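Predicted, not measured: the structure shown is a model, and the values here were computed from it.
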Amino acid sequence: MPICWLISEEGNHKPIKLPHLQKVVLGRGPETTIKDKKCSRQQVELKAECNKAYVKVKQLGFNPTSVDSVVVGKNNEVRMKPGQHLHIVNQLYPYTIQFKEDFTGGHGGTKRPQEPASEDRESHRESPSMKAAKLPEEVSVNHGEATSTSETAGHWSQGLKASMQDPKMQVYKDQRVVVIKDKYPKARYHWLILPWQSIPSLKALREEHCDLLRHMQQVADQMVQKCSDSGSLHFRTGYHAIPSMSHVHLHVISQDFDSPCLKNKKHWNSFTTDYFIESQDVIQMLETNGRVTVKEGTSELLKLPLRCHVCHKELPTIPALKEHLKSHFPV
């Protein structure tokens, strides 16, 4: 009977053996080397059915475990097959499974499979609407309000995938990316640039994605240039270190933060601290190291005191902060 192995896509540790029909519980700890406190010590339960070549994945922890970017859900169970990707928590810590024949008859001597190379195995996915639409050569910015779209059934973290396919949400698209307005903008101008290629998170990016990310940055620059208020407003482009939504997306956001959707400290700090990683810094990490590294403890940045990003004055509440911002960004 084949033997099942759980393989870290990041090569953080040796493959973990999943014995036939035995429950294996994994999470934060030395076996996975995961130190992220958002990952429970008992985050996921795995049960291999080696004779059928699949693994039952059950989410035990509070934060989302996913298989191929589909959230399992607490106490729910899904089947995972070879070729699919398991992310232990929050679209981070990717794993695959391998079934290897046991030529020893189960009496020792079993070899671990080789750890995977650091190449990206994400497949390209083209939007169905791409074939029918004639693509514009230049960016065309729609300054009107985007019409909201009904989300497809499933976990809220998958909402971007529905929005990027909806023509009513699209501001611009070409053969590599689509631009949509953020459904809950945190400033006067807030766009998201998403690749058609299925890339679940920053952790999945590799050096070969550099050209794609440069193109995303070029589109972002053109969006800003076409904006009627680009002369009076400053813009930043970057990624959240630990995004809440599945599928890599580049934020293009004006720095006025004048929006009713900006409601709490988490919203504010996600754009004004090092939790927001500049686009060029992500590209440089990929060019230098071949992957994106998120510093341990980054999630704690969301808990920092409210502080004006212009003059660095500390404010006690979001309403007080918004009132203060008017002095820097008159309506």
Side-chain angles (χ1 to χ4, degrees), residues 8-10 12 27-28 32-40 43 61-66 69 71 85 87-94 118 120 122 155-160 182 184-187 190-195 198-207 209-210 212-214 216-217 220 235-253 255 257 261-307 309:
S8 168
E9 287 280 276
E10 297 174 328
N12 290 335
R28 186 173 82 250
T32 61
T33 71
I34 296 174
K35 299 178 181 179
D36 186 347
K37 291 185 178 179
K38 290 193 174 183
C39 181
S40 168
Q43 177 66 31
F62 176 78
N63 289 313
T65 294
S66 57
S69 300
V71 172
H85 288 76
H87 286 83
I88 297 293
V89 69
N90 290 336
Q91 291 293 333
L92 302 174
Y93 318 110
S118 62
D120 178 54
E122 300 293 338
H155 194 270
W156 57 267
S157 66
Q158 304 300 307
L160 283 181
D182 194 299
Y184 304 99
K186 303 303 185 290
H190 189 180
W191 300 292
L192 305 179
I193 302 178
L194 304 97
S198 179
I199 305 174
S201 66
L202 290 181
K203 288 272 189 175
L205 291 170
R206 294 295 180 263
E207 186 177 1
H209 291 118
C210 282
L212 173 62
L213 267 63
R214 290 191 198 98
M216 292 169 67
Q217 180 59 51
F235 285 76
R236 289 182 72 195
T237 57
Y239 303 84
H240 282 149
I242 309 172
S244 57
M245 304 292 284
S246 174
H247 199 92
V248 161
H249 51 284
L250 175 64
H251 291 268
V252 185
I253 185 166
Q255 295 300 286
F257 295 106
C261 296
L262 195 148
K263 297 179 179 180
N264 55 49
K265 182 186 291 188
K266 179 179 177 180
H267 291 163
W268 176 255
N269 285 330
S270 71
F271 287 101
T272 59
T273 68
D274 288 341
Y275 193 92
F276 189 78
I277 309 176
E278 293 282 351
S279 172
Q280 294 297 346
D281 291 340
V282 170
I283 293 171
Q284 186 174 359
M285 274 191 267
L286 290 179
E287 291 175 337
T288 305
N289 305 317
R291 63 182 61 195
V292 178
T293 303
V294 176
K295 295 178 182 178
E296 186 178 349
T298 294
S299 60
E300 296 301 305
L301 295 173
L302 298 178
K303 302 176 184 178
L304 290 175
L306 294 170
R307 193 177 296 277
H309 63 307

Is there a donor-acceptor pair closer than 3.5 Å between any side-chain N or O of [X] and the backbone N or O of [Y]?
X	Y	result
N264	K266	yes
T237	V252	no
T65	I88	yes
Y275	I242	yes
K186	Y184	yes
N63	N90	no

For [X] against [Y], the heavy-atom pair lying closest together:
X	Y	answer
P243	H249	CB-CE1, 4.1 Å
H251	D182	CE1-OD2, 4.3 Å
C261	P185	CB-O, 3.1 Å
G61	S40	CA-CB, 4.1 Å
L212	I199	CD2-CD1, 3.9 Å
K203	L92	CG-CD2, 3.3 Å

Is there a side-chain contact between [X] and [Y] (heavy atoms, below 4.5 Å)?
X	Y	answer
L213	S279	no
H87	P200	yes
K37	S299	no
P305	K265	no
M285	I277	yes
L306	W268	yes

#### Entry: Intermediate values then yes/no, side chain to side chain contact (heavy atoms under 4.5 Å, CB included), N289 and L286
CA-CA 5 Å; N289 305 317; L286 290 179; over 6 Å; no

### Message
I'd like to know whether CD of E278 has more than 12 heavy-atom contacts from other residues, nucleotides or ligands below 6.0 angstrom.
### Response
yes

### Task
For D274, look at atom CG and say whether over 12 heavy atoms of other residues, nucleotides or ligands are found less than 6.0 Å away.
no

### Query
Once the angle between the rings of F276 and F271 is folded into 0 to 90°, is it parallel (under 30°), tilted (30 to 60°) or perpendicular (over 60°)?
tilted

### Query
Using the ring of each side chain (for Trp, its six-membered ring), is W191 parallel, tilted or perpendicular to F235, with breaks at 30° and 60°?
parallel

### Message
Assess the residue pair R214 and E287 against the criterion (salt bridge (Lys or Arg N to Asp or Glu O under 4.0 Å)); give the C-alpha distance rounded to whole Å, side-chain angles, the decisive distance to 0.1 Å, and a yes or no.
### Response
CA-CA 11 Å; R214 290 191 198 98; E287 291 175 337; 2.6 Å; yes

Give, for atom [atom1] of [X] and atom [atom2] of [Y], the distance between the pair rounded to the nearest 0.5 Å.
X	Y	atom1	atom2	result
L192	Y239	CG	OH	11.5 Å
H240	L202	NE2	CG	10.5 Å
T33	K35	OG1	NZ	8.0 Å
I253	H190	CD1	NE2	4.0 Å

### Task
I would like to know whether Y93 and Q43 meet side chain to side chain contact (heavy atoms under 4.5 Å, CB included); could you show each step before the answer?
CA-CA 12 Å; Y93 318 110; Q43 177 66 31; over 6 Å; no

### Query
Would the H309 and F257 ring centres measure less than 6.0 Å apart?
yes

